[in-house]
> 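Quick one: the structure is below, and I'll ask about it shortly.
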Amino acid sequence: MEDHGHMMLGHIGLSREDLGDPDNMRKLHNLGEPQQDIGNILQQIMTITEESLDEAQARKHALNCHRMKPALFSVLCEIKERSALSLRGVQEEDGPDPQIMRLDNMLLAEGVTGLERGGDSAAAATVAVTAGVSPNDGSSLEHTEYREKLAHIRHMYHTELEKYEQACTEFTDHVMNLLREQSRTRPVSPKEIERMVGIIHRKFSSIQMQLKQSTCEAVMILRSRFLDARRKRRNFSKQAADVLNEYFYTHLANPYPSEEAKEELAKKCSITVSQVANWFGNKRIRYKKNVAKLHDEANLYTRMPAASVSSEASQANSPVTPKSGGCPAPCYTPDGS
DNA sequence: CAAAATGATTCTGC
DNA sequence: GCAGAATCATTTTG
């Protein structure tokens, strides 16, 4: 306290001795003839902590009512403003955090934030489904379930956010009141209060970011749980399987359909081109893995003489040298020759 | 209900 | 970007 006070006085180029001199003070503040010695006041402020609580309380009140108080207060605020104490917090003047922006955008895209589509989103979903294009598969049920879960996440997010915001304003109010209260006895400028509010808001927004982060994670998990195509897999129809198998076994020497061929197969089987590609990818590797098991199937679709593949099949089943020593099983060669 | 089959995804190497 | 391989998640089968 002593050193601090001394430092502050030193800032404006005065020693305590200078202040202690009534003539100097009079010159400095251009006052008429102060009955009270300002040096004396400062001395009282400096030693206030050495007094007992009651004494200090009384002293504070007395000083507070002193007619020089406003002037002295503003001077002290100014000194503090110039000192290193108030330099902190200035550097954190960045705009909207890119991380927060990213999370906000994602939450908006997933429908967690943004316009509320009613508390009964499940009902809205069923309406959308019944009005939808095809009333075929059971995906509508999954869809409503997804909407329900998403609505739940949204509800949680908003209640949590509300709690945080309430806590933030409460805490800010509390701190502001405290600082205003304190500003009656120690130099706390409005600017400083403003800065403190900024710091509090930053802290709370970093907490909010954690909420947003975990909400994003929850939505991602939900998405992977419901929107992952693997989870709503349907086997192709027998007819489609026949078409695909027929192509595969009649092109066994080179079972790599061109883009056009894939498109045609896709149309024939009423599936997508990528599904055709998936099918051929799976088929090639599984055929290769187990030629013997598929032997009968091959005959079924190509009506080829069994002798032509049986030797290869037995090779494929043999446990020796799966990778070295030449191609073990398939009729085709991966290089397309 | 466990195993097999199957469609889709992910990872790696080219 | 594609093919192969491994793997996942679901459906079908015995």
Side-chain angles (χ1 to χ4, degrees), chain A residues 106 109-110 125 129 133-150 153 216-302 306 309-310 312-337:
Chain A
M106 203 207 119
E110 297 299 334
V129 164
V133 262
S134 53
N136 50 1
D137 52 336
S139 74
S140 61
L141 263 173
E142 291 170 22
H143 202 196
T144 56
E145 202 181 337
Y146 174 75
R147 294 286 197 90
E148 274 172 24
K149 302 252 177 172
L150 188 64
I153 289 176
C216 277
E217 277 168 20
V219 171
M220 288 315 239
I221 290 166
L222 189 68
R223 274 182 79 86
S224 68
R225 173 75 182 80
F226 280 89
L227 271 54
D228 188 342
R230 281 182 295 196
R231 294 183 181 274
K232 49 183 178 189
R233 181 177 70 76
R234 295 282 177 282
N235 288 1
F236 298 152
S237 67
K238 175 82 172 68
Q239 190 189 354
D242 282 348
V243 171
L244 293 166
N245 274 311
E246 189 184 349
Y247 186 97
F248 182 80
Y249 287 113
T250 53
H251 298 77
L252 203 52
N254 184 32
Y256 297 87
S258 64
E259 197 57 37
E260 298 81 52
K262 276 192 247 181
E263 277 167 24
E264 194 178 330
L265 286 167
K267 204 196 284 182
K268 266 194 210 170
C269 304
S270 50
I271 57 176
T272 68
V273 174
S274 62
Q275 280 179 306
V276 174
N278 283 338
W279 190 91
F280 272 87
N282 284 321
K283 190 71 181 179
R284 279 191 299 264
I285 196 146
R286 282 162 185 166
Y287 174 82
K288 206 169 90 177
K289 265 185 168 175
N290 202 348
V291 176
K293 252 187 196 168
L294 297 174
H295 178 212
D296 291 344
E297 200 178 68
N299 284 336
L300 198 67
Y301 284 95
T302 62
V309 281
S310 63
E312 290 158 353
S314 62
Q315 269 187 12
N317 266 349
S318 73
V320 293
T321 65
K323 49 203 262 181
S324 65
C327 179
C331 297
Y332 61 88
T333 51
D335 50 283
S337 59

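Remember, it's a predicted structure, so these values are computed and weren't measured experimentally. All values below come from the heavy atoms of this structure, side chains included, with hydrogens, waters and symmetry mates left out. A note on names: the letters A, B, ... follow the listed sequences, proteins ahead of strands, and every chain is numbered from 1.
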> Suppose we screen for ring-ring contact (aromatic ring centres under 6.0 Å, His included). Which residues come up paired with Phe280(A), at least two apart in sequence or across chains?
Tyr247(A)
> Going by heavy atoms closer than 4.0 Å, what residues in residues 259-272 of chain A are next to DNA chain B?
none
> Please check the phosphate of dT11(C) (OP1 and OP2 only) for any side-chain N or O of Arg234(A) closer than 4.0 Å.
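Yes.
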> In terms of side-chain heavy atoms of Ile285(A), which of dA5(C), dA6(C), dG7(B) is nearest?
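Nucleotide nearest to Ile285(A)'s side chain: dA5(C).
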> Can you tell me how far apart CG (Asn245(A)) and CH2 (Trp279(A)) are? Round to the nearest 0.5 Å.
4.0 Å
> Rounded to whole angstroms, how far apart are OH on Tyr256(A) and C1' on dC2(C)?
10 Å
> Starting at CH2 of Trp279(A) and ending at P of dA8(B), how long is that distance when rounded to a whole Å?
12 Å
> Rounded to whole Å, how long is the line connecting atom NZ of Lys238(A) with atom P of dG7(B)?
12 Å
> Expressed as a whole number of angstroms, how long is the span from Asn282(A):CG to dA3(C):C1'?
12 Å
> Please report the distance, rounded to the nearest Å, between CZ in Phe280(A) and P in dT9(B).
18 Å
> Mark yes or no for a side-chain to base donor-acceptor pair under 3.5 Å between Arg286(A) and dG7(B), with no hydrogen or angle criteria applied.
yes
> Could you check whether Asn235(A) gets within reach of a base, just the sugar-phosphate, or nothing at all, counting any heavy atom under 4.0 Å?
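Answer is sugar-phosphate: Asn235(A) comes under 4.0 Å of backbone atoms only.
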> For residues 257-267 of chain A, which side-chain donor-acceptor pairs fall under 3.5 Å, sequence neighbours excluded?
residue, atom, partner, partner atom, Å
Ser258(A), OG, Ala261(A), N, 3.2

> I need the NZ-C1' distance between Lys288(A) and dA5(C), as an integer number of Å.
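Between C1' of dA5(C) and NZ of Lys288(A): 9 Å.
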> In this structure, how many angstroms lie between the P atom of dT9(B) and the CZ atom of Arg233(A), rounded?
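My rounded result for the distance is 12 Å.
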> Have Asn282(A) and Arg284(A) got a donor and an acceptor in their side chains that come within less than 3.5 Å?
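Side-chain D/A pair, Asn282(A) to Arg284(A): absent.
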> What's the shortest heavy-atom distance between Pro255(A) and Leu252(A), and which atoms?
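Of all heavy-atom pairs spanning Pro255(A) and Leu252(A), the closest is CD-O, 3.4 Å.
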> OP1 or OP2 of dG7(B) versus the side-chain N and O atoms of Asn278(A): is any pair under 4.0 Å?
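No, Asn278(A) has no side-chain N/O under 4.0 Å of OP1/OP2 on dG7(B).
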> Kindly compute the distance separating NZ (Lys288(A)) from NZ (Lys283(A)), expressed to the nearest 0.5 Å.
15.0 Å
> OP1 or OP2 of dG7(B) versus the side-chain N and O atoms of Gln275(A): is any pair under 4.0 Å?
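No, outside the criterion.
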> Expressed as a whole number of angstroms, how long is the span from Tyr287(A):OH to dT6(B):C1'?
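So the two atoms are 19 Å apart, to the nearest Å.
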> Does Lys283(A) make a side-chain N or O approach to OP1 or OP2 of dG7(B) shorter than 4.0 Å?
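Negative; the distance criterion is not met.
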